[in-house]
Amino acid sequence: MKQQLLTLFEQAIGRLQADQVLPDDLAINPQFERTRQPEHGDFATNLALTLAKPARRNPRELAQLIVDALPADPLIVKVEIAGPGFINLFVADTAQRQVLLDIFDAAENYGLAQPDSGRYILVEFVSANPTGPLHVGHGRGAAYGDALARLLRAAGNRVESEYYVNDAGRQMDILGLSVWLRYLQHTGQQVALPGNAYQGDYVSDMARDLQAQYGEQYILPAEELAKAQSGLEDEAALDALISLAKLELGEDGWRVFFDCALQTILQGIETDLTAFGVDYDTWFSERSLFDSGKINAAIEQLKASGDVYEKGGAWWFRSTAYGDEKDRVVIRDNGQPTYFASDIAYHKDKMDRGFDECINIWGSDHHGYIPRVKASLQALGLQPDQLTVLLVQFAVLYRGGEKVSMSTRSGQFVTLSELCEEVGSDAARFFYIQRKSEQHMDFDLDLAKSQSNENPLYYVQYAHARICSIFRQATERCIALAEPASADLQLLSGEHERTLLTLLQRFGEVIENAARDYEPHQLTYYLRELATAFHAYYNSSKFLDAEPAQRDAILALCQAARQVLANGLSILGVNAPDRM
RNA sequence: GCGCCCGUAGCUCAACUGGAUAGAGCAACGGCCUUCUAAGCCGUAGGUUACAGGUUCAAGUCCUGUCGGGCGCGCCA
């Protein structure tokens, strides 16, 4: 409908230009906005205001000229000039009611753009280190990323979702070591678990399983461990223990602990995410980048172009040449590649897979990392603009009015699966998605858990369930339901009905805007608005007691509202229950 | 110290790429169930959009500065 209006106004502008009223070289970008108040009609445009200066005319005077030049069209029944020069448009009722037919026609596809009509997009999110279960801090990224992927898909893009598995690197080594140390404890060795190792119970559980399976095959006297780390600082001592373990256990023995930890935890993560309604198209392994030689290849390419140079025994990427604050190490002086080296290869790999756009969803604490990744893409001759990094602020948890501090290593956190069990994944998702992602967010666990009835999700779901209930009632009362499309829609002229029709019409625009801005929360607010309008309508009269013709029209509107609520919730990855 | 994000009702948050009188939910107060689900509806109250300047027809939105909060500034990930 906006498009139709735009066309009409372009004609009017063209006519004024032909009459020399307006200069030819105008850059016109008229905006049509839904009005907030009914007195302002259905749409408003600021066209005259923006053109006033280039046309050197008084805005209201110009608005009048535009209105006079506007071609007649049945879509518009009234035009008004208001305020400083807004043009308010009143749309014909028949056009408003057309939306119901559109909804019945498209059903579960209503509001959605043509599939695969847009771009080919990769959305990477969560990608937490597999060193422990996901906690509620990861939940926000999971909910946001998944909803965004669904939203972009709804907007017509071809979308793939991906989890980048950091199955290489020091953190994983520390985890493997932690499992081994716990194993040694279970076998009766007098060894301590350093404070900077992973403390969680899940580590101990894995160790117990391995003890049951391998007995004392992998034990080492406590004295050797003490000797290896004597006189070393905390982190250095940890590294010494890792080296010792790799040496004494051998490749295969070390792998027993390392792989057990990796696989167990990764499986747990996948299970938790599935329960949370998140499924990935791809689980991408960091180690595979080593195995395939892609890391080496990327570094070699950068060496060849002079973007990677040697200094002090290490190899540095010249990111300052591309706007970063300082150069970054890619190969340490001990020959080990840094995490950044993996990331260079990973992002190159993404680009090589042919996506039009790659979206990364990162915790906001990683924002300083963006310039160097973009720099690496540029150095490799790729398009940094094709990478979009969206940041998610960490949620600050509150329990009993007090801040809950969390850390994976200390093992003190509320897990995502606990949250799902206590409030349900629908409510948890909605809770997260409601907030704009870069906005700081307070997550009150007591509120989310104990007072889940206050969660706005139920308000929206209830509207859907209520409509379903109406139709069940109709069946019970043996009311013959007319084909919705055949109802006399002219009977829908009440205030509540007009409000609903306008909202239903807006659905596609909401998806479009939300997808454009990467903001699924816009959809949650829309759904609440739609639910509000429906609840108010519902309370205004008894639908099933109306005259048959009126009743058919009402039920057609209900059916359309139900469809849009279901479609919207589906994009958020939330269920639309038939009864509550 | 430098960089990025943020500051809106008592609390949690919106405000459609600068638009008309800044909106919801929760909390508070007052009403509405013999009739389709009260997880609901109707109403009241609540604001100098942190502060000070600037840009223009128009600023919560853009620019500068101040204050306050978060994060980052590793041969960690």
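Since this is a predicted model, take the numbers as computed values, not measurements. Letters A, B, ... mirror the listed sequences (proteins, then strands); counts begin at 1.
Comparing A20(B), A15(B), C41(B) against the side chain of Glu519(A) picks out A15(B) as the nearest. Side-chain proximity of Tyr525(A) to A77(B), A14(B), U21(B): nearest is A14(B). Of the candidate nucleotides G19(B), A39(B), U37(B), A39(B) has the atom nearest to the side chain of Tyr458(A). Set against A15(B), C5(B), U35(B), the side chain of His521(A) has A15(B) as its closest nucleotide. Nearest nucleotide to the Arg36(A) side chain, out of C75(B), A15(B), U17(B): A15(B). For Leu49(A), the listed nucleotide lying nearest its side chain is G19(B); candidates were G19(B), U37(B), U21(B). Nearest to the side chain of Asn513(A), among U37(B), C16(B), A20(B), sits C16(B). With G19(B), A77(B), U37(B) as the candidates, the nucleotide lying closest to the side chain of Gln171(A) is A77(B).
Using a 4.0 Å heavy-atom criterion, one finds that Arg328(A) contacts no nucleic acid atom at all. Using a 4.0 Å heavy-atom cutoff across all strands shown, Trp316(A) reaches at least one base atom of the nucleic acid. At the heavy-atom level, Glu509(A) lies nowhere under 4.0 Å from the strands shown. Backbone-only contact: Ala536(A) has heavy atoms under 4.0 Å from sugar-phosphate atoms and none from a base. Using a 4.0 Å heavy-atom criterion, one finds that Glu33(A) contacts the bases of the nucleic acid, with or without backbone contacts as well. At a threshold of 4.0 angstrom between heavy atoms, the contacts of Asn88(A) include nucleobase atoms, whether or not backbone atoms are also involved. Looking at heavy-atom distances under 4.0 Å, Ser127(A) makes no contact with the nucleic acid at all. Here Ala474(A) lies out of heavy-atom contact (under 4.0 Å) with every strand. Using a 4.0 Å heavy-atom distance criterion, Ala465(A) is classed as a base contact. Nucleic acid contact for Ala82(A): base, since at least one base atom lies under 4.0 Å from a heavy atom of the residue. Within 4.0 Å (heavy atoms only), Arg34(A) reaches at least one base atom of the nucleic acid. Counting non-hydrogen atoms under 4.0 angstrom, Gly85(A) reaches nothing in the nucleic acid.
Rounded to whole Å, the C1' atom of C4(B) lies 22 Å from the corresponding atom of C51(B). Atom P of C41(B) sits at a distance of 44 Å from the matching atom of U64(B), rounded to the whole Å. When the C1' atom is compared between C62(B) and G69(B), the two are found 23 Å apart, to the nearest whole Å. Nucleotides A38(B) and A9(B) place their C1' atoms 27 Å apart, quoted to the nearest Å. Comparing the P positions of G40(B) and G46(B) gives an interatomic distance of 25 Å, to the nearest angstrom. Taking atom C1' in both A14(B) and G23(B), the straight-line distance is 7 Å, to the nearest Å. Remark: the separation of the C1' atoms in G60(B) and A50(B) is 12 Å, to the nearest Å. U37(B) sits 27 Å from A28(B) when the C1' atoms are compared, rounded to a whole Å.
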Give every pair of a protein N or O atom and an N or O atom of nucleotides 70-72 of chain B that lie under 3.5 Å apart, one pair per line with the distance.
unit_1	atom_1	unit_2	atom_2	d
C71(B)	O2	His367(A)	NE2	3.0

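Look at G40(B): its Watson-Crick or wobble partner, with both distances under 3.5 angstrom, is C32(B). For C4(B), the paired nucleotide is G70(B), the pair qualifying as Watson-Crick or G-U wobble because both relevant distances are below 3.5 Å. Partner assigned to C62(B) is G54(B), using Watson-Crick or G-U wobble distances below 3.5 angstrom. Of all nucleotides present, only G10(B) satisfies the Watson-Crick or G-U wobble test against C26(B), with each distance under 3.5 Å. G46(B) makes up no base pair with any nucleotide shown, lacking Watson-Crick or G-U wobble contacts both under 3.5 Å.
The side-chain ring of Tyr462(A) is not stacked on the base of G40(B), judged by centre separation under 5.5 angstrom and plane angle under 30 degrees.
Side-chain atoms of Tyr459(A) and Thr532(A) form a donor-acceptor pair, as typed in the model, at a separation below 3.5 Å. In this structure, a donor-acceptor pair under 3.5 Å is present between the side chains of Tyr198(A) and Gln171(A). Inspection of the His464(A) and Asp578(A) side chains reveals no N or O donor paired with an N or O acceptor under 3.5 Å. Checking Asp517(A) against Gln522(A) by side-chain atom types alone, a donor-acceptor pair falls below 3.5 Å.
For Arg516(A) and U17(B), the shortest distance from a side-chain N or O to OP1 or OP2 is below 4.0 Å. For Lys311(A), no side-chain nitrogen or oxygen approaches OP1 or OP2 of C75(B) to under 4.0 Å. OP1 or OP2 of A77(B) has at least one side-chain nitrogen or oxygen of Arg332(A) nearer than 4.0 Å. Between C5(B) and Lys436(A), no contact under 4.0 Å exists linking OP1 or OP2 to a side-chain N or O.
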task = Give the intermediate values and the outcome of ring pair (Phe, Tyr, Trp, His ring centres under 6.0 Å) for residues Phe125(A) and Tyr144(A).
result = CA-CA 9 Å; Phe125(A) 58 103; Tyr144(A) 176 62; 8.8 Å; no
inquiry  = Pair Phe543(A), Tyr537(A) - check ring pair (Phe, Tyr, Trp, His ring centres under 6.0 Å), show working.
reply    = CA-CA 9 Å; Phe543(A) 295 166; Tyr537(A) 183 38; 4.8 Å; yes
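The distance between atom CG of Leu238(A) and atom P of A77(B), rounded to the nearest whole Å, is 14 Å. Here the C1' atom of nucleotide A14(B) and the CZ atom of Arg506(A) are 12 Å apart, to the nearest Å. Nucleotide C36(B) holds its P atom 11 Å from the CD atom of Glu476(A), rounded to whole Å. Between the CG atom of Leu457(A) and the P atom of C26(B) there is a distance of 14 Å, given to the nearest Å. In this entry the distance linking CG of Asp333(A) with C1' of G74(B) reads 13 Å, nearest Å. Atom-to-atom, OH of Tyr538(A) to C1' of U35(B) comes out at 10 Å; the value is rounded to the nearest Å. Protein atom CD of Glu529(A) is 9 Å distant from nucleotide atom C1' of G23(B), rounded to whole Å. Straight-line distance from the CZ atom of Arg528(A) to the C1' atom of G25(B): 5 Å, rounded to whole Å.
Base orientation at C33(B) is syn, since its O4'-C1' glycosidic dihedral falls within 90° of 0.
By the side-chain hydrogen bond (donor to acceptor under 3.5 Å, both in side chains) test, Gln559(A) pairs with no residue at all, sequence neighbours left out.
Of the possible polar contacts, one joining the Arg328(A) side chain to the Lys326(A) backbone as a donor-acceptor pair under 3.5 Å is found.
Taking the six-membered ring for Trp and the full ring otherwise, the centers of His496(A) and Phe534(A) sit at least 6.0 Å from each other.
Ring geometry for Trp362(A) versus His366(A): interplanar angle of 30 to 60°, hence tilted. The aromatic rings of Tyr163(A) and Trp283(A) lie parallel to each other, with less than 30° between the two planes, well short of the 60° mark. Ring-plane geometry between Tyr369(A) and Phe340(A) is classed as perpendicular, the angle between the planes exceeding 60 degrees on a 0 to 90 degree scale with a lower cut at 30.
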